Each structure stands twice: as C-alpha cells, then as structure tokens.
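Report on the following structure.
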Amino acid sequence: MKSVLQDLNFSQIEELVLEYGEKKYRTQQIYLGLMQGKKISELPVSSVLRERLLERYEDEPVRILKTFTAADGTKKFLFALADGNIVEGVLMRYKYGNTQCVSTQVGCRMGCKFCASTLNGLVRNLTAGEIAGQILAVNRAEGGTLKTRAVTNVVLMGSGEPFDNYENVVKFLKNITAEGGLNISARNISLSTCGLVPEMKRFAEEGISLNMTVSLHASTDEERRRTMPIARRYAIKEILEACNSYFRKTGRRYIFEYSLIAGENADEAHALSLAELLKGKPCHVNLIRLNEVEERHLKTVSEKDAYRFLGVLEKNGISATLRRSMGNDIGGACGQLRASYMKEGNADG
Ligand code: SAH
C-alpha cells in the first residue's frame with residue numbers, strides 16, 4: 001500500500017508542495033480538494049503534480065463499497081481500504097444533525113464478549129487519513145460541502161479501540177477539527193473507549209475537549225471482568241479517576257455506555273449498584289439493549305426491563321437515557337456488517 005495523503009495536515013501538504021518545487025498556493029487547492037472528498041486524480045492541479053502525488057499516495061484510500069439504507073433513514077456503509085481491508089460505518093439522522101460513526105481499526109483486540117468487531121482479533125490500525133477518509137467519503141456521497149456539511153457530528157464507536165491506536169486517532173482529531181478544513185467542533189465529537197486508563201490520562205493533556213465516553217457495562221470489577229478482558233488490567237476506580245481528571249481539564253461531563261445483557265448486568269440490583277457508584281459524578285449514562293451477536297451467546301433484555309433499569313437510575317438521581325437502536329433492519333451492532341459480508345464468501349483483508 002502507498003501512503004495516505006489525507007494523513008497530512010495543511011502545513012505538511014505545504015512542505016510537500018514546496019519539495020516538489022510547486023507554488024505555495026497549490027497547497028490550498030490540494031487541501032480543499034481532499035477535504036471535499038476528492039481523489040488525487042480529481043484534484044484541480046496540473047496533471048504533472050497529480051502524477052507525482054500518485055507515485056507516492058493512494059488515489060482513493062477509502063472507497064464506499066456498499067451502502068445500506070434503513071427505513072428510519074439510517075445508512076450503513078462498508079468502506080474498502082486500499083489494501084483490500086474493509087471497515088464499516090453508520091450515518092444516523094437526528095433532529096439536530098447527522099452523526100457518523102467511524103471505525104479506528106480493522107478488527108479489535110480487546111476481546112469484549114458481546115462485541116462482533118473483536119471476533120477475529122485485530123487486523124491493523126487505521127491511519128489518521130483513513131479514519132478521516134470515512135467522513136470525507138460520506139460527506140461527499142450525501143451531497144455535503146465544506147460549508148454545509150452532511151456530517152455534523154462524529155462518534156468514534158465503530159470497530160476498533162481508539163486508544164489502542166492512540167497516535168493516529170489524535171492526529172485524526174487534530175486534522176478534522178482544524179479550521180479551514182472540515183472544521184468539526186470537538187464538542188460535536190464523541191470518543192468511546194473500553195477504558196485504557198493511561199491513554200485516557202494522556203489524552204486529557206492533548207487540549208481536545210470532546211465527549212469522553214467509556215464503555216462500562218458493569219458496576220463492579222468482578223462483574224466487568226466477565227464480559228470485558230480489559231477489566232483485568234484496570235479497575236473501575238482508576239477509570240473514574242481518569243474521567244474526573246478529564247472533567248477537571250475540559251469542564252465536560254463524561255458519558256458511560258452500558259449495554260443491557262440479560263442475566264449479566266440488567267437486574268434492579270445492578271441498577272442500584274450503578275447508581276451508587278456514579279452518585280454525584282458529573283456524568284451521563286447511555287443505556288442500550290444488547291444487540292445480539294450470533295457467534296456469542298449473550299441475550300438482550302426486553303424493552304420493559306430496559307425502561308425499568310432506566311427508572312431506577314433516574315430515581316436515584318443519575319442522568320441517563322435509553323438509546324434507541326437505529327437501523328435495525330439493516331444489520332446490527334458494530335462489526336456485524338463486516339462480519340456478515342466476510343461470511344458471504346467475500347475476501348478477507
Ligand atoms: N472500543 C471502543 C469503541 C467501540 S464502541 C469502546 O469499547 O468503547 C461501541 C459501543 O458499543 C461500546 O460501548 C461497546 O461496548 C458497545 N457494543 C459493542 N458490541 C455491542 C453489542 N453487541 N450490543 C450493544 N452494544 C455493543
């Protein structure tokens with residue numbers, strides 16, 4: 001695979017342009033073209049410059065391979081990377097705008113028992129430009145421009161553990177929040193981690209005030225270890241400390257993801273224990289009913305039980321919402337779309 005031009009920020013493209021002996025203003029033409037989701041072969045520069053770029057860089061590092069549209073307007077995408085690997089993403093429509101869920105790795109090595117992304121382990125990290133490329137491709141396909149973007153919000157909740165690909169993810173975040181480019185405000189971005197404590201602490205020093213989201217799924221370490229191997233490495237107490245230091249730095253309350261799994265974490269006693277754990281903390285809980293994964297044997301809860309769980313949290317003063325599961329008619333949770341595509345006999349990366 002060649003390099004990914006979308007990995008570079010504006011000043012790095014400028015260095016490249018000068019290295020090629022081109023005029024400085026070419027930088028803006030290349031940068032804006034890329035931010036509009038153009039391929040190198042479509043950039044409004046001389047054919048000589050395009051050829052030189054194509055010697056080193058992938059023409060289209062992220063290509064939309066398939067689009068699935070659900071009855072509720074949710075769209076799911078399969079993206080092909082230049083080396084033949086595939087990742088998936090989702091575009092969800094809300095009243096306030098469109099939220100795109102992006103992947104940060106091909107596969108994942110965190111091993112959570114309920115998740116499809118991790119079934120075959122980690123294949124490789126995505127580069128910063130491959131993460132951005134998912135947004136650039138969708139924004140373009142949906143008729144968005146730089147001024148009126150079709151993608152207004154971004155969540156790093158596709159396949160992969162963002163903090164297991166720390167450098168590239170931070171580079172990606174700096175690039176897409178940059179003024180003059182896509183310019184997506186950090187407050188419209190959520191990063192979800194399974195709780196890699198050292199990286200959470202390190203990230204607090206980066207000066208990026210986004211919505212820090214942690215996949216908790218249990219209120220005691222013992223129970224968390226049953227579904228999340230990472231819980232053997234870091235205790236919930238350490239996660240809460242890291243969340244608090246992010247709050248102190250950024251002033252932004254943090255969010256916990258809690259997927260309700262029947263017989264595991266979804267009884268009233270679990271709700272009370274979670275409320276006790278989070279009491280008085282500047283946080284919000286997003287509940288979601290488990291999306292059942294064929295290869296796993298975990299079961300979801302009824303809607304009624306999910307609302308009961310929510311009710312217990314609220315009664316105990318915890319800010320919480322039960323998230324609607326969107327686009328269910330077009331293939332479930334993270335990693336499931338890619339997994340089913342692979343199973344149909346399509347080449348693995
Ligand atoms: N690795 C990151 C980002 C993946 S995120 C993380 O762990 O946070 C997407 C969210 O969906 C996480 O909260 C994850 O735990 C959750 N999730 C994964 N598989 C799921 C499933 N089958 N049903 C419900 N939630 C699931």
Side-chain angles (χ1 to χ4, degrees), residues 76 87-90 92 99-122 125-126 131 134 154-166 168-169 172-173 189-197 199-200 203 210-218 223-231 233-234 236 239 242-243 254-262 264-266 283-301 303 306 309 320-328 331-340:
K76 299 203 180 182
V87 290
E88 63 189 81
V90 189
M92 292 159 287
T99 299
Q100 185 175 350
C101 174
V102 297
S103 293
T104 54
Q105 297 179 313
V106 182
C108 182
R109 57 175 181 158
M110 296 296 125
C112 300
K113 293 276 191 301
F114 42 78
C115 182
S117 301
T118 200
L119 285 169
N120 296 311
L122 176 67
N125 283 331
L126 297 191
I131 306 172
Q134 299 165 54
V154 173
V155 297
L156 280 67
M157 292 193 185
S159 69
E161 165 49 46
F163 283 158
D164 190 37
N165 183 16
Y166 187 90
N168 291 345
V169 165
F172 153 76
L173 290 170
I189 302 175
S190 302
L191 182 151
S192 184
T193 176
C194 62
L196 301 187
V197 170
E199 284 77 13
M200 289 174 72
F203 189 76
L210 48 67
N211 306 299
M212 180 63 71
T213 306
V214 180
S215 300
L216 201 56
H217 307 319
E223 282 177 359
R224 198 164 184 262
R225 276 184 225 124
R226 286 216 299 262
T227 52
M228 302 181 73
I230 195 66
R233 193 136 29 112
Y234 305 110
I236 292 176
I239 291 177
C243 287
Y254 39 89
I255 298 151
F256 293 111
E257 296 284 321
Y258 196 101
S259 302
L260 294 162
I261 310 171
E264 275 294 328
N265 65 0
C283 70
H284 180 81
V285 177
N286 274 330
L287 297 173
I288 186 162
R289 291 164 59 210
L290 178 80
N291 264 303
E292 289 176 8
V293 174
E294 206 181 293
E295 291 82 352
R296 311 290 201 185
H297 299 291
L298 299 169
K299 296 279 171 234
T300 194
V301 298
E303 204 166 310
F309 196 98
T321 36
L322 175 62
R323 288 209 322 217
R324 288 178 293 146
S325 190
M326 299 179 81
N328 268 346
C334 332
Q336 282 179 301
L337 203 57
R338 171 174 176 266
S340 62

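Note that the numbering runs from 1 along the sequence shown for the chain. Predicted model, so just to flag it, every value in this text is computed and none were measured. In listed order, ligands and their atoms are each counted from 1.
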Side chains of Thr300 and Asn291: donor-acceptor distance under 3.5 Å anywhere?
-> no

Determine whether the side chains of Ser159 and Gln105 contain a donor N or O and an acceptor N or O closer than 3.5 Å.
-> no

Which segment of [X] sits under 4.0 Å of ligand 1 when only heavy atoms are counted:
| X | result |
| --- | --- |
| Thr193 | backbone |
| His217 | side chain |
| Val293 | side chain |
| Cys115 | both |

Report yes or no: does Ser117 have a heavy atom closer than 4.0 Å to ligand 1?
-> no

Is Gly195 in contact with ligand 1, taking contact as a heavy-atom separation below 4.0 Å?
-> no

Step-by-step side-chain contact (heavy atoms from CB on, under 4.5 Å) determination, Ser192 to Leu156 = CA-CA 6 Å; Ser192 184; Leu156 280 67; 5.9 Å; no

Derivation and outcome, side-chain contact (heavy atoms from CB on, under 4.5 Å), residues Phe114 and His217 = CA-CA 10 Å; Phe114 42 78; His217 307 319; 3.2 Å; yes

What about [X]: any of its N or O atoms under 3.5 Å from an N or O on ligand 1?
| X | result |
| --- | --- |
| Gly160 | yes |
| Glu161 | yes |
| Ile288 | no |
| Glu257 | no |

Step by step, would you call Glu199 with Asp164 a side-chain contact (heavy atoms from CB on, under 4.5 Å)?
-> CA-CA 8 Å; Glu199 284 77 13; Asp164 190 37; over 6 Å; no

Show me which atoms of ligand 1 lie under 4.0 Å from any heavy atom of [X].
| X | result |
| --- | --- |
| Ser259 | 24 (C), 25 (N), 26 (C) |
| Cys194 | 6 (C), 7 (O), 8 (O) |
| Leu290 | 21 (C), 22 (N), 23 (N), 24 (C) |
| Gly158 | 4 (C) |

Which option, Leu260, Asn291, Val214, owns the non-hydrogen atom nearest atom 23 (N) of ligand 1?
-> Asn291

Determine the sole option in Arg226, Lys299, Arg296 for which the salt bridge (charged side-chain N to carboxylate O under 4.0 Å, His left out) test with Glu264 is passed.
-> Arg226

Tyr166 and Phe163 aromatic ring geometry - parallel, tilted or perpendicular at 30°/60° bounds = tilted

Pairwise side-chain contact, Tyr254 with Val214, heavy-atom cut-off 4.5 Å (strictly under) = no

Greater than 12 external heavy atoms within 6.0 Å of Arg109's CZ | no

Got a sec: does the CZ of Arg233 have more than 12 other heavy atoms crowding it under 6.0 Å?
-> no

